[in-house]
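Both backbone and side-chain heavy atoms feed into the values below; hydrogens, waters and symmetry mates do not. Positions are given from 1 along the sequence.
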Amino acid sequence: MANIFSSLKNAYNLFKHVDFDKLEALSKKVDLPKMVETISSLDDKQIQGMMKMMGGSKKKKELPPIEGDFYHLGDEALKDEDRALQLKVRAFLEAEVKPIVNEYWNRAEFPHEIIPKLAELNICGLTYKGYGCPGKSNLMEGILAMEMARIDTSISTFFGVQSGLAMGSIYLCGSEEQKQQWLPLMQKFKIIGAFGLTEPEVGSAAAGGLTTTCKREGDKWILNGQKKWIGNATFADILIIWARDEADNEVKGFIVKKDNPGFAVEKMKDKMALRIVQNGIITLTNCEVEEADRLQNANSFKDTAKVLQMTRAGVAWQAVGCARGAYENALDYTRTRKQFGKPIASFQLIQNHLVEMLSNLTAMQTLCFRLSQLQDQGLLKDEHASLAKVFCSLRTRDVVSKAREVMGGNGILLEYNVARFVADAEAIYSYEGTKEINTLIVGRAITGFSAFV
């Protein structure tokens, strides 16, 4: 009797959840008895699979975090306080820069309002000792360059010009008086700097071919010539100008103020890359510079090269950041974009592209980590920095190209945060020494023969 009541109870519960109108409609389309017989013959695993296919599983799939540092190099290499600084800079960029960067990139304007907030991070002149600078490692500086480029390469370039090229010229080539005068103010962004080496007709041949000249007249120097592609030039307070001395034919450096007589600057327009960077063409027409503003320890291009060697490592890190930003945005997109009823990240060809991107990115990161270690150990050579610049700028092109590819047509729209990286990778590929010039620097080191013209 108990079994009868139990069966009736189960039948009641079953009928209570059955929609008989739908059941009747279904019976007109399929053979219900045969369907019930087929389903009842399935094992538990088959039934679970069928329910999953029908959407019977309500549990949301938990996806792994989006992490461009696949080998966790930052976790292993950084002290707790440095890791905290990295995350602080990342949070600043996510909150203050990312929401506005597409708008400014599109207008080719610079977001000056972020400069005071950037100053509060206390990271300018990160590796220098004294003068209000933090005195941290080159590895830490590289990681922060990567963090900036991960959000926007233009902002990273602005920072690299200020902290690396401009401040670095004074730190490496200036007198103690010049360091005391300028570096504390530049560290706090109260003075903005620029670096003028490249000329309209002289890029790679700067070592021996500068056409900008300087001539001493008493306590003043007279500079004549033009500089091109000079980042920060349109709003910089001081500019480091490199010129060839007419007397001894050696390259010398000068701190030129924006209000010096004979100084003029014009903004470059219609760029396809680094559009936020305010590049300028500088014209020096009998520009007067005091002897006190000549970099006292810059006596030849070898001194200029010391600055370039230091900053070239930073450009390699920028390439890592550019690639990482593109990869992480593309990965996020593929996990939410659906085609044929499921996320495109579940497709084999998409996963192949993502893994190739991550492989390149991870190789770039490990190369730059070792590069910064050599720099911190005092073992960095020109060829070390050049190899990193060559490899990272090449691989970044590959990564951003695949990032755009997995996003289809949406990849060319700014709102999806990959198109900027595709364009900016082209600038990274060329500045701070082209791929060809850096290749020849490495080639000379490994063969013993110089292939320079």
Side-chain angles (χ1 to χ4, degrees), residues 65-69 72-102 104-105 110-128 132-168 186-190 192-193 231-232 274 276-277 310-311 313-329 361 364-365 368-369 371-372 375-376 392 417 420-421 424 428:
I66 294 174
E67 176 56 74
D69 185 3
H72 304 290
L73 295 169
D75 295 342
E76 295 294 327
L78 297 180
K79 300 176 183 177
D80 289 345
E81 64 180 72
D82 288 341
R83 180 63 169 167
L85 178 58
Q86 177 191 9
L87 297 178
K88 181 180 179 181
V89 171
R90 180 180 295 182
F92 164 79
L93 292 163
E94 294 278 358
E96 301 291 342
V97 178
K98 189 173 182 178
I100 63 173
V101 71
N102 284 337
Y104 278 94
W105 194 93
F110 187 87
H112 293 278
E113 66 270 23
I114 72 168
I115 293 179
K117 300 173 183 177
L118 193 57
E120 292 175 3
L121 296 173
N122 192 34
I123 56 175
C124 197
L126 192 77
T127 62
Y128 309 142
C133 299
K136 290 189 174 291
S137 69
N138 288 286
L139 176 60
M140 188 66 212
E141 183 177 55
I143 289 175
L144 294 187
M146 180 269 295
E147 286 291 344
M148 290 187 187
R150 173 179 168 269
I151 297 299
D152 182 65
T153 312
S154 290
I155 298 301
S156 179
T157 300
F158 159 75
F159 184 83
V161 171
Q162 172 77 2
S163 181
L165 289 169
M167 288 183 69
M186 296 178 77
Q187 199 278 333
K188 294 179 173 60
F189 288 95
K190 292 182 178 179
I192 301 298
N232 303 355
L274 298 182
I276 288 175
V277 175
M310 175 184 67
T311 56
V315 176
W317 274 108
Q318 281 187 346
V320 174
C322 181
R324 182 170 177 176
Y327 163 75
E328 291 181 347
N329 282 304
L361 175 57
M364 292 160 60
Q365 286 176 314
C368 284
F369 262 83
L371 180 72
S372 291
Q375 199 169 7
D376 284 326
C392 292
N417 291 314
R420 265 188 304 108
F421 295 108
D424 290 345
I428 295 174

To the nearest 0.5 Å, tell me how far [X] [atom1] sits from [Y] [atom2].
X    : Y    : atom1 : atom2 : value
I143 : L85  : CD1   : CG    : 10.0 Å
W105 : I155 : CH2   : CD1   : 13.5 Å
D82  : K136 : CG    : NZ    : 4.0 Å
L118 : F159 : CG    : CZ    : 6.0 Å

Validation row: [X], [Y] side chains within 4.5 angstrom (heavy atoms):
X    : Y    : result
I276 : T157 : no
L93  : R150 : no
V97  : P111 : no

Closest approach of [X] to [Y] (non-hydrogen atoms, all atoms of both residues):
X    : Y    : answer
G193 : V161 : O-CG1, 3.8 Å
Q365 : W317 : O-CH2, 4.4 Å
C392 : M364 : O-CE, 3.7 Å
M186 : A166 : CE-CB, 3.7 Å
Y327 : G68  : CE2-CA, 4.2 Å
M310 : G168 : CE-CA, 3.8 Å

Residues which pass ring pair (Phe, Tyr, Trp, His ring centres under 6.0 Å) with F110, listed by chain and number, not counting sequence neighbours: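 H112, F158, F235.
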For F92, check ring pair (Phe, Tyr, Trp, His ring centres under 6.0 Å) against everything at least two apart and list the hits.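 F92 satisfies ring pair (Phe, Tyr, Trp, His ring centres under 6.0 Å) with no residue once adjacent residues are dropped.
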Test of understanding: with side-chain contact (heavy atoms from CB on, under 4.5 Å), list the residues that count as partners of [X], not counting sequence neighbours.
X    : answer
D80  : none
N122 : P134, Q187
D376 : S137, N138, L139
K88  : L121

My understanding is that only residues two or more places apart in sequence, or in another chain, count here; which of them pass salt bridge (Lys or Arg N to Asp or Glu O under 4.0 Å) with [X]?
X    : result
E76  : none
K117 : E96
E67  : R324

Is a side-chain N or O of N417 found less than 3.5 angstrom from the main chain of N329, in a donor-acceptor match?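 Checked: no pair found.
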Hey, does the side chain of Y128 reach the backbone of S163 with a donor-acceptor pair shorter than 3.5 angstrom?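 Answer holds: yes.
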With sequence neighbours excluded, what pairs up with [X] under the side-chain hydrogen bond (donor to acceptor under 3.5 Å, both in side chains) test?
X    : result
R90  : E147
S156 : Q318
N232 : none

